[in-house]
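What follows is one structure encoded as structure tokens, with my remarks underneath.
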There are 2 protein chains.
Amino acid sequence: MSHTLGIRQAQKQKTRQAFLDAALALLEEQSLSSLGLREVTRAVGVAPTAFYRHFRSTADLGVALVDEALGSLHPMVRTTVSTTGDSEERIARAIELIARHVDAYPAHVRFIARERHGGVQPVREAIRAQLVRFAEEVKVELAKDPEAAGWSDEDLLMLAHLYVDQMLITASLFLEALEAPEEERERVTQLATRQLRLISIGRSHWLD
Amino acid sequence: MSHTLGIRQAQKQKTRQAFLDAALALLEEQSLSSLGLREVTRAVGVAPTAFYRHFRSTADLGVALVDEALGSLHPMVRTTVSTTGDSEERIARAIELIARHVDAYPAHVRFIARERHGGVQPVREAIRAQLVRFAEEVKVELAKDPEAAGWSDEDLLMLAHLYVDQMLITASLFLEALEAPEEERERVTQLATRQLRLISIGRSHWLD
DNA sequence: AATTCCGGAGAACAGTTGTTAACTGGATGA
DNA sequence: TCATCCAGTTAACAACTGTTCTCCGGAATT
């Protein structure tokens, strides 16, 4: 199945990835709208003009970063929501999964949180599109739950968006607590758990 | 009581405000970390060096903008939460208030949403501090409600943060729908209403 | 009336930016 | 083997950046 890439294409993808990595690192302490093309090429160790062989602009690079950061996350979100077990267990598992993801890919999480409302329109658009996809996928999983019997499609989507937003808020809190003592991370876990618990309670009494 | 400002101080405050206004306008399509000092002075119609008479840096200007955007909002939030009436009425009133605020000060709302996770640390810090204040104030108002009987302080603060975050999410949605047809704004209102309703339901069954 | 104060102007600094054009040299395909 | 392709290079462009120092003129103080 897998077509082995020629030396040429392999090398190109390698430098392209180097651009993405370097940009992500630089974006830890600034926003995409202030990221310079030369700044990135300097970090990669390559001539400024080489940038154009891969991206039309830094905005274009940003869109590619959105795909890298969120594109591979769909299966994880899907399985997280559809996981079985007690409501309380599911909440704990979801939050732990978020915490682990933030630990593993802090720069990606920071990038999404930062650029979701950032100054570069195409990037905002790309993030919004991915989040809408998340919400729709969550909705599909929620619909499978017996608790969703009698729920309208609109209400299911409403709840799905609530979950997606809550996921982002929690991820952002874990990010802020990354270098903080364990005590602080525990506080975030507690807070997020209680909030999800309240939403879960509201969910189970929605049709009353 | 009010000490009439001298011609000099009055003029200084006037140009200072011109800086804030110009910066806010420029920040509609970029982030603070990419806002140049010269860019702002050009927009105001003043020499670049004049900037230093008012701010140490653009980050400093950003902090001032945070105060302008959120500082005067506390009484409004306080009264919104403590307003009397049916739960459904309160939700509708709160959302309408948010919608009106976004209409009246779209640039301020955009600035806060953008820089909350933006690339300038002192500004992030300033926003976070104000949001913590909001949450604490909301907590105090929630505690007065008879429904809060038996609630722990921690749970009240948890709920308060949920409300504050929800307020920002809703404001951001109204912002995106600003130039959209009335139909879209109505969809946002519906969504936000249902989400607040679910939270309200969860709240009333919290102690079950 | 004389003096100090101070917001803003002007000029100059070294460094940076995005983008263009023409080139090089190794991988690719005939 | 030879011609083609193309990722990356070099050089140069005008335009822009933050910051310093020196100066001006009107308000404020004495």
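Here the structure is a predicted model, which means the values were calculated and not measured. Naming: A, B, ... by sequence-line order, numbering from 1 per chain.
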Can you check the A:His54 NE2 to D:dT9 C1' distance for me, whole Å?
13 Å
What is the distance, rounded to the nearest whole Å, between atom CZ of A:Arg56 and atom P of C:dT19?
12 Å
Would you call the rings of A:Phe134 and A:His74 parallel, tilted or perpendicular if under 30° counts as parallel and over 60° as perpendicular?
parallel
Examine the base of C:dT19 for any acceptor or donor lying under 3.5 Å from a partner atom in the side chain of A:Arg38, and report the outcome as yes or no.
yes
For A:Leu178 and A:Asp103, run side chain to side chain contact (heavy atoms under 4.5 Å, CB included): C-alpha distance rounded to whole Å, both residues' side-chain angles, the deciding distance at 0.1 Å, then the answer.
CA-CA 7 Å; A:Leu178 247 193; A:Asp103 277 347; 3.2 Å; yes
Quick one: does any side-chain atom of B:Arg114 pair with a main-chain N or O of B:Gln30 as donor and acceptor, under 3.5 Å?
yes
Should A:Arg42 be listed as having a side-chain N or O under 4.0 Å from OP1 or OP2 of C:dT17?
yes
Take B:Glu88 and B:Thr193 through the side chain to side chain contact (heavy atoms under 4.5 Å, CB included) test and state the conclusion after the steps.
CA-CA 9 Å; B:Glu88 201 62 26; B:Thr193 302; 4.1 Å; yes
Residue A:Glu182 excluded, over 12 heavy atoms near CD under 6.0 Å
yes
What is the distance, rounded to the nearest whole Å, between atom CG of A:Asp60 and atom P of C:dG18?
15 Å
Assess whether side chain to side chain contact (heavy atoms under 4.5 Å, CB included) is satisfied between A:His117 and B:Arg116, documenting all intermediate values.
CA-CA 9 Å; A:His117 304 283; B:Arg116 181 185 185 187; over 6 Å; no
Count the heavy atoms of every other residue, nucleotide or ligand shown that sit under 6.0 Å from CD of B:Gln9, and state whether that count exceeds 12.
no
Distance in angstrom units between B:Phe55 CZ and D:dG18 P, rounded:
15 Å
B:Ala50 side chain, from C-beta outward: closest of D:dA28, C:dG8, C:dA27:
C:dG8
Starting at the 5' end of DNA chain D, which residue's closest nucleotide do you reach first, B:Ile7 or B:Ser57?
B:Ser57
Taking all non-hydrogen atoms of both residues, which atom of B:Ala177 and which atom of B:Glu184 are closest, and how far apart?
CB-CG, 3.8 Å
Verdict with reasoning, B:His108 to B:Glu68, per side-chain hydrogen bond (donor to acceptor under 3.5 Å, both in side chains):
CA-CA 8 Å; B:His108 282 113; B:Glu68 178 173 281; 2.9 Å; yes
How would DNA chain C look in dot-bracket form, 5' to 3', counting Watson-Crick and G-U wobble pairs with both distances under 3.5 Å and writing | for bases paired to another strand?
||||||||||||.||||.||||||||||||
Return the value, rounded to whole Å, for the distance between atom CZ of A:Phe51 and atom P of C:dT17.
13 Å
Tell me which residues in residues 9-36 of chain B put a heavy atom below 4.0 Å from DNA chain D, sorted by number, or none.
B:Gly36
Using atom names, set out every protein N or O paired with an N or O of nucleotides 21-23 of chain C below 3.5 Å, distance rounded to 0.1 Å.
none

Regarding A:Gln17 and A:Gln13, do their side chains bring together a donor and an acceptor under 3.5 Å, going by distance alone?
no
Is it true that atom CD of A:Glu29 has more than 12 heavy atoms of other residues, nucleotides or ligands lying nearer than 6.0 Å?
no
If you assign each of B:Ala47 and B:Arg8 to its closest nucleotide in DNA chain C, which residue comes earlier from the 5' end?
B:Arg8
Could you tell me the separation between the CG atom of B:Leu173 and the CG atom of B:Leu191, rounded to the nearest 0.5 Å?
6.5 Å
May I have the distance from A:Leu37 (atom CG) to D:dG8 (atom P), rounded to whole angstrom?
14 Å
Using a 4.0 Å heavy-atom cut-off, does B:Tyr52 contact any base of the nucleic acid, only the sugar-phosphate backbone, or nothing at all?
base
